[in-house]
Amino acid sequence: MPANKNQQNPAFFLTTPIYYVNARPHLGHTYTTVAADALARWKRTRGFDVRFLTGTDEHGQKIERSAAKAGKTPEQFAADVSQEFRALWDRMGLTYDDYIRTTEERHKRGVQHLFRVLQQRGFIYKGKYAGQYCVFDELYVDGPPGTVCPDCGRLTETVSEENYFFKLSAFERRLLEYFEAHPEFIQPEARRNEVLAFVRSGLRDLSISRTSFNWGIPVPGDEKHVIYVWMDALANYITALGYGMEQHPLLDRYWPAQVQLIGKEISRFHCVYWPAFLMAAGLPLPQTVIAHGWLLFEQSKMSKSRGNIVRAETVLDVLGADALRYFLLREIRFGQDGSFSFDALVQRYNADLANGYGNLVSRTLAMIGKYFDGRIPEGAVDAGLQAEAEQAITKVSSGYDALQFSDALDALWRLIAQTDGYLTANAPWKVAASEDAASRKRLAEILYSAAASIRVITALAYPVIPDAAAKVWKQLGLGDIATADLKHLTWGGLQPGTRLGEPGPVFPRAEKEAISRMQAIEEQHPARATAEAEKQPAVFQNPAAVPVSPKVVPPEPTAFTPTAVPAAPPTQSLTAASPGLPAAAEANPAVAAPATGKISIEDFARVELRVAQVLKAERVPNADRLLRLEVDLGYEQRQIVAGIAEAYAPETLIGRKVVIVANLAPRKLRGLESNGMIVAASVGEKGRPVLAGFLEDVEIGARLK
RNA sequence: GGCGGCGUAGCUCAGAUGGUUAGAGCGACGGACUCAUAACCCGUAGGUCGACAGUUCGAUUCUGUCCGCCGCCA
């Protein structure tokens, strides 16, 4: 990427999170990165010296395990996935200036330097952690032995290990004062309030090293320890600028960042830990951390059983990058959650891009071609249209500046409609029927005004639909939009006499079948296995039924674990066990791999699946996900504790017939004994459980074979 | 459980320090036009503004309770 070297211009450093290579790139990652790219492009057109950073986060126990499962070294595994991200961004033409990988030497050096600095400044000490630990989430959990992980519902392990700690508690007051003095630091408001509440409730020191695995950056001077993944990851924003090197001109030039874009699920790390690290290191804080919402995947009504992990490539194949960019930024109010569906995408594409922008360009340029031999006519300007265009410039600009992409695009498309309305109202094709001078003059005015409006529209649309804008810019005869000076965009920049470029469709209408085509592509893709697997019955939960030993890598399938359920790959049950997992955190690639170990019929026969009827159901106090059920098997009644409280209200279950694993060894959950598990499909990004059932009435106690 | 947010037309959402007929876009329906990508333009749609109660001359907009959804609580 050619960096803008003009030191006269104000620096603008913009970052996305670095993506954890445990998941393959999907639309969630694309959303963040596209928003950042649009902002980067916008700021560049406004004359800022933009530096746009993205990259991948590659350390941690999860990567170590996933690599082992994939039969690769962690280095190779991380490199492969990192390359997938990078290839996608390149294919989409994203204009990042730097792509950092946490396995790079420059990063390791920077992180170790940061560690030493914090140590020297007295913010790091060695201590001992004794308590509960969730192996799956690599998370310390509060509570007595037997506590379930609040994130995934699995039983925690009791551990005791020596750690380095960061004195986070020392920054409680300073952080609050900073938030107070800089209300714009955390956006939007809702996130800010959450962070404030969190800090106000008191900060404890943060464990920042691990000894239980090796795949990470060693603590300088104590190589048994590996630096905690979050400290490692967050530091990328400065190590990418040369932090830790003797000379760091980029750091001097670009830090602090103006905008750090993140997904809302990682706001605590970016709004509490990160500023505290920076304060401790004596570095200035970023100007704003902006959290966007989640991208949810709506199931299309045509196939309800569809899984919902969508890859950007599918959309690129069928509609192109601009379509995806436009949809994500137009349809979703930035900051709020939004949903994606192929239906809505094609709808937006046709209504706004094909019928709106594309058609306006097409009709206007066709008439200039026909009536003025392909040259921009010399004509007076329609004052009304000019005023509307100028108003749009203001509105769209302020929308982009505020990262309110949907507002900006809304205002821009209003101008498109106004220009379309202007043409229809003045009917140039009728005016053209008369050859007299007055009519020619009138015709020139109408078409010049429309073309001038299209020029403004195109310039303003460029950050969001760069490819299409570049095409139209050429068709207008204005050359390469990338080199155009859009900083002082005004109405009057279109020179009469300019010869139009080659005309051609910019956004051809999409047929209805585009929807089914994209759906088909998704289904055929190998990575689809992730979503496919979620459609299969997974055994749900009894979190305790999941192997919890930290050394189980991978968990050995036995007939008594959920893994024995046909067609559900071993780790699928692990995914199913995390109903609360946010969009950006799912998709263990190991899940995507086809099931490796097949089981024999005898293995399956060991699992006793039976029909049971729910007699009683009630919530387990202080456990958001757990329900205590009493079920009737015909030959006996028993108690089961199941993690389905978020999907089913207790009263709706009473009388319902469900499928249970009847011969599961009993486990205690929250002090309650659970005798068996309920079988449910795990649906969607969040693994919402859907209970298995029968279309016909089935006798209680019947066995499934 | 504690704290916070949300619930407005078929869909996605605006909005109101309380006040004549509650808005936009899309979809649907009707009309007009033919330069253009079966497109564009015009018009129509009558939604108890989640439920109930209160404050008020008057509430969808304020207060309370409830229901539903969501987020944060290392």
Side-chain angles (χ1 to χ4, degrees), chain A residues 129 131-132 134 137 139-143 149-151 168-169 188-207 228 230 264-265 267-269 271-273 291 293-294 296 298 301 327 330-333 335-341 343-344 346-371 406-407 409-411 413-414 416-433 443 446-447 450 503-511 580 582 619-624 646 649 686:
Chain A
Y129 176 85
Q132 300 310 113
C134 171
D137 289 318
L139 210 67
Y140 291 122
V141 176
D142 283 337
C149 172
D151 229 45
L168 185 61
S169 56
E189 193 75 16
R191 297 299 142 243
R192 180 166 186 268
N193 292 339
E194 282 176 6
V195 171
L196 276 174
F198 175 77
V199 177
R200 283 197 184 117
S201 72
L203 293 178
R204 273 183 269 147
D205 290 348
L206 184 69
S207 154
Y228 175 52
W230 267 106
K264 66 180 183 182
E265 73 282 2
S267 53
R268 195 178 74 228
F269 302 100
C271 301
V272 181
Y273 301 167
W294 291 340
L296 310 170
E298 214 169 46
K301 48 188 165 185
F327 178 86
R330 172 66 187 83
E331 181 86 0
I332 301 163
R333 280 191 79 73
Q336 298 184 8
D337 290 353
S339 60
F340 175 89
S341 72
D343 257 350
V346 170
Q347 154 77 37
R348 269 284 172 208
Y349 176 88
N350 277 335
D352 294 1
L353 297 177
N355 299 349
Y357 181 58
N359 182 245
L360 172 65
V361 171
S362 169
R363 68 194 298 210
T364 306
L365 298 190
M367 283 190 280
I368 292 176
K370 197 186 297 184
Y371 305 136
S406 56
D407 285 349
L409 294 173
D410 187 65
W413 255 256
R414 191 156 297 144
I416 289 173
Q418 283 161 338
T419 309
D420 253 333
Y422 170 77
L423 282 178
T424 305
N426 291 287
W429 52 93
K430 280 184 183 162
V431 178
L443 185 61
I446 298 166
L447 292 179
V506 186
F507 290 115
R509 251 186 95 77
E511 303 304 322
R619 290 180 179 277
V620 176
N622 296 323
D624 290 348
E646 295 191 321
K686 293 188 167 191

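Lettering follows sequence order; numbering is per chain, from 1.
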Interatomic distance at [atom1], [N] relative to [M], whole Å:
N: B:A16; M: B:C49; atom1: C1'; result: 11 Å
N: B:U56; M: B:A32; atom1: C1'; result: 49 Å
N: B:C52; M: B:G71; atom1: P; result: 28 Å
N: B:U8; M: B:C62; atom1: P; result: 15 Å
N: B:C40; M: B:G31; atom1: C1'; result: 14 Å
N: B:C35; M: B:C29; atom1: P; result: 26 Å
N: B:G15; M: B:G19; atom1: P; result: 15 Å
N: B:G54; M: B:U61; atom1: C1'; result: 16 Å

Point to revise | Gap between atom OG1 of A:Thr419 and atom OH of A:Tyr357 - 0.5 Å precision | key: 11.0 Å

Check your understanding: Listed by chain and number, what are the side chain to side chain contact (heavy atoms under 4.5 Å, CB included) partners of A:Gln418, not counting sequence neighbours?
Key -> A:Glu388, A:Arg414, A:Leu415

Check your understanding: side chain to side chain contact (heavy atoms under 4.5 Å, CB included) with A:Asn359: which residues, sequence neighbours excluded?
Key -> A:Arg363

Base, sugar-phosphate, or nothing: which does [X] touch, judged by heavy atoms less than 4.0 Å apart?
X: A:Gly202; result: base
X: A:Ser201; result: nothing
X: A:Leu206; result: nothing
X: A:Asp420; result: sugar-phosphate
X: A:Pro505; result: nothing
X: A:Tyr273; result: base
X: A:Ala197; result: nothing
X: A:Gly421; result: sugar-phosphate

**Study point:** A:Arg204, nearest nucleotide to its side chain (from B:A74, B:C72, B:U37)
**Key:** B:A74

Practice item. Could you check which of B:U37, B:C33, B:C41 has an atom nearest any side-chain atom of A:Lys430? Key: B:C33

State which residues pass salt bridge (Lys or Arg N to Asp or Glu O under 4.0 Å) with [X]; sequence neighbours excluded, sorted by chain then number.
X: A:Arg204; value: A:Asp142
X: A:Arg509; value: none
X: A:Asp205; value: none

Check your understanding: Between the side chain of A:Asn350 and the main-chain N/O of A:Ala510, is any donor-acceptor distance below 3.5 Å?
Key -> yes

Practice item. Keeping the roles fixed (side chain from A:Trp230, backbone from A:Phe269), state whether a donor-acceptor pair exists under 3.5 Å. Key: no

Point to revise | Minimum side-chain heavy-atom gap A:Pro428-A:Leu447 below 4.5 Å | key: yes

Practice item. Please figure out whether A:Tyr371 or A:Gly338 has its closest RNA chain B nucleotide nearer the 5' end. Key: A:Gly338

Practice item. Please figure out whether A:Leu203 or A:Arg333 has its closest RNA chain B nucleotide nearer the 5' end. Key: A:Arg333

Review point. Which stems does RNA chain B form, counting runs of 3 or more consecutive Watson-Crick or G-U wobble pairs with both distances under 3.5 Å?
Key: B:1-7 with B:67-73, B:10-13 with B:23-26, B:28-31 with B:41-44, B:50-54 with B:62-66

Below the 4.0 Å mark, does [N] have OP1 or OP2 next to a side-chain nitrogen or oxygen of [X]?
X: A:Arg200; N: B:C73; value: no
X: A:Gln336; N: B:A14; value: yes
X: A:Asn359; N: B:C40; value: no
X: A:Arg268; N: B:C73; value: yes

